[in-house]
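Within every chain, numbering begins at 1; the chains are lettered A, B, ... in the order of the sequence lines, protein sequences first and strands thereafter. Note that this is a predicted model, so its numbers are computed, not measured.
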Amino acid sequence: MTWIFENWERFWEVTGVHLRLSVVPVLIGFLLAIPFGWWASRSQRARAVLFPFANVLFTIPSIALIVITPVLIGVKILDEINVIVPLTVYTVALMIRSVADALSAVPGNVIAAANAMGFRPLRRFLTVDFPLALPVTIAGLRVATVSNISMVSVGALVGLGGYGQLFTEGYQTDHTEKVLAGLIGTVVLAVLADGLLLLIGRLLTPWARAGR
Amino acid sequence: MGWLFDPANWSGSTGIPLRLLEHLGYTLLTLVIAALIAIPLGAFVGHTGKGGFVIVGLSNALRALPTTAVLILVVLWAGLGDFPVYVALVLLAIPPIMAGTYAGVRAVDPVTVDAARGVGMRESGVLLQVEIPNALPLIYGGFRGAALQVVATATIAAYTGAGGLGRLVFDGLALQDFGQMLAGAVLVALLAVLVDLGFAGLQKLTVSPGLRPVGTGGKR
Amino acid sequence: MPGYAERVKVFGIYIQGGPIGVVVTTGGIRRVIEFRAVTKRFEDGTIAVDELDLAVEAGTITVFVGPSGCGKTTSLRMVNRMIDPTSGTILVDGKDVLTVDPPTLRRGIGYVIQQAGLFPHRTVLDNIATVPLLSGWDRRKARTRAAELLEIVGLDSNFGKRYPAQLSGGQQQRVGVARALAADPPVLLMDEPFSAVDPVVREDLQNELLRLQAELDKTIVFVTHDIDEALKLGERVAVFQTGGHLAQYARPTELLAAPANDFVASFVGRDRGYRTLTFLHADVPVHPVTTAKLGERITVADWTLVVDEQNRPKGWLSGVDGEVEVNERDLISGGSLYDGSSLRGALDAALSSPSALGVVVDDAGAVTGVVRADDVIQALAKARAAGEVPK
């Protein structure tokens, strides 16, 4: 722990980079996953295509995706985009399933009632389906966020920033404290982000706990 | 893709077959160790219903642990070799298996469990003959998720000099040999798919047909 | 399409085997299950069962009935130690259950629960063989026994290889009963076994249970919240009141005739006078009736009963002038049928018939005549005068 306080500025700087590299992919990935998840919740055929595809995306090791991305999209190997793109891919893969499951779990009688009262599709989706799907969606978002925060470190193996830099530097200089500092930072960040999402979820869905 | 199909890379002590076997070895031994720890824990807590928050909390905390850091820390502490690889990968594999087992046992219909006690099964019988067989689909779910993660993450073992398909990625990176890196990535993904297919087959063999969700003409 | 509804379904009052109203001397009765001052207080302080004293006689169906939260299920579950009492003693065959290790105790007592609780991962045959296997029978013997039971509960042998998910609710419940009977236990506990199936299937299952009981002569404790089910199945009925009190423990006829308090009176229902008829058998005069077959040319004077070739009722004909050909189109659908079972059946047949004439049929379903409602009322008055209806 002493390393963190002695090198506060450095620690704070890598925390910022780490946060940026993990949160941006969650946001982009989530937004991209909503239409796909909606599609998969409505069509058996879409699910048959999207779910196996998402599974295959997961099997690509992150380190491999990080080193291949620059070649595929033509940027230098030391560009943050090389972490953001792979993590976005993983987020999409995970959130398609979450969003689809969440929307499928909305009770049919509620949807029927909304239709019977004359909701048009878009309005119904935004004011009925989506809010009711939030608890399951947010649960998925929590998993995606925590795993992204833990995965960003892999980028350091090819020289990118974040807590992972502390790992590689610590390894090369045989400096355990430095590795430990990065590990603690990662876990604390993950726990905080997870708690924040939990809180947001509770605030957004007061009805979910009303029956208890 | 030239590197992948060059016969020269398919033989010898640094050849692709050896790397594949090393990678598969890390994966399988890791999964066995993790299952031996996680399934009894998850099943026990699921059966008694006590300490569920510990399982959920522990799973989440372990999930947040960066595997790279664990690997490096154990190397710094215990030296190079396969041991640090197993520590890091087992810690990675435990949460999904434990969570799947716990959720699976909890999800068994309470009526079924009540009936098991009612016909005179002892607690061990309730767990082993009723709860675990019925939880198998979810246990396999967690286990196969863990398998995918372990296959993918075993790649970084090569960063600290261990074997496996990660060697192709890291050696390729050092040599700026894109073909070799790509070959590594493709082979890992392929291996992951094959491992998953293998476990899917095992699941089909060991899960009772009575638990298949659709297609058997079942009601309910 | 006019005509009578399928006979079995319309006509559900079957009376269990054995005479009703026999006076029993306490000396000759064996008490198989005894509750002595049994109280169950749950951890949250609610009293589920309050000082219960009750004895269940050998070879009877005893029904525990009452609203939810009255302690009937808790009482049942204390017999096989699914729940242990806070105080008091429960004896099964004279032995304090608390001195027996629960799994051993349970293997000797059949247990049937709501929704059957079959093991979804085991075939029907393996489900039925569960207790014999737990008790150490060899596999072959257990399976032979299971196959036997499948037949006893009225299921075809090819059900044995199926899984529970491939069965309907009623079939699952039959398997549940077979599983409970597998080791041939003298006592059977049934916890709302038929409440999750539809009314038609429920009635089939109830009749099946009565048939089985006539053959097997078990001691059955049956829990239900349905008073009609209780009156139909129970030789003795225990009415439980909210708060875990036993309000009345009596034969169905006594319950209907002399409810112990307002709670029992309201629980048994407003039409209990009518229900009492279920338990009364008296000769009701059967009158002749004009019948005709389809296709015949007849002159319709008053209500004419149209029958098929086997003389089974198809419907009524009325309000046609002059000579007509009997045509399926003109038939007016009939009500329930009376087969001589009880006064309730006779009265209902008369009340539900469009002609006010209740159709009487024999065992083959052929028409033997008609009964009138006022004859039933007179028969009732006679029975009352003879002291057959308790005041």
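Of the atoms belonging to B:Val169, it is side-chain heavy atoms, and not backbone ones, that fall under 4.5 Å from chain A. Neither the backbone nor the side chain of A:Ser62 comes within less than 4.5 Å of any heavy atom of chain B. Proximity to chain A (any heavy atom under 4.5 Å) is shown, for B:Tyr159, by both the backbone and the side chain. Heavy atoms of B:Val195 lying under 4.5 Å from chain A are absent altogether. Heavy-atom distances place the side chain of B:Leu148, and not its backbone, under 4.5 Å from chain A.
Within residues 37-49 of chain A, no residue has a heavy atom under 4.5 Å from a heavy atom of chain B.
In this structure a side-chain-to-backbone donor-acceptor pair under 3.5 Å is present from B:Asn9 to B:Trp3. Using a distance-only test at 3.5 Å, with no hydrogens or angles considered, a donor-acceptor pair links the side chain of A:Glu177 to the main chain of A:Trp3. Put simply, the side chain of B:Asp177 gets close to the backbone of B:Gln180: a donor and an acceptor are under 3.5 Å apart. Put simply, the side chain of B:Asp196 never gets that close to the backbone of B:Ala192: no donor and acceptor are under 3.5 Å apart.
Residue pairs meeting the side chain to side chain donor-acceptor pair (under 3.5 Å) criterion with at least one partner in residues 95-112 of chain A, sequence neighbours excluded, are absent.
Note that the OG1 atom of B:Thr101 and the CG atom of B:Leu138 stand 9.0 Å from one another [nearest 0.5 Å]. To the nearest 0.5 angstrom, A:Leu72 atom CG is 10.0 Å from A:Asn82 atom CG.
A:His175 and A:Glu169 form no side-chain donor-acceptor contact under 3.5 Å, judged by distance and modelled atom types alone. Looking at B:Tyr140 and B:Thr206, their side chains do bring a donor and an acceptor atom within 3.5 Å of each other.
Highest contact tally toward chain B, considering only A:Val143, A:Ile63, A:Leu157, is held by A:Leu157 [criterion: heavy-atom pairs under 4.5 Å]. Note: B:Leu173 leads B:Leu173, B:Ile156, B:Leu165 in heavy-atom pairs under 4.5 Å with chain A. Of the listed residues (A:Val146, A:Val71, A:Ile149, A:Asp174), the one with the most heavy-atom contacts under 4.5 Å to chain B is A:Val71. Interface summary for chain B: among A:Ile60, A:Thr186, A:Leu189, the most heavy-atom pairs under 4.5 angstrom belong to A:Thr186. Ranked by heavy-atom pairs under 4.5 Å with chain A, the first of B:Ala61, B:Ala154, B:Pro66 is B:Pro66. Your options are B:Leu76, B:Val193, B:Thr67, and the one with the most heavy-atom pairs under 4.5 Å with chain A is B:Leu76. Note on B:Val188, B:Val151, B:Ile72: by heavy-atom pairs under 4.5 Å with chain A, the leading option is B:Ile72.
When side chains are defined from C-beta on, A:Ile68 does not count as touching B:Met181, because their heavy atoms never get closer than 4.5 Å.
Salt bridge annotation for B:Arg167-B:Glu22: absent, with no cationic side-chain nitrogen under 4.0 angstrom from a carboxylate oxygen.
Note: A:His18 and A:Tyr163 have tilted aromatic rings, judged against thresholds of 30 and 60 degrees for the angle between ring planes.
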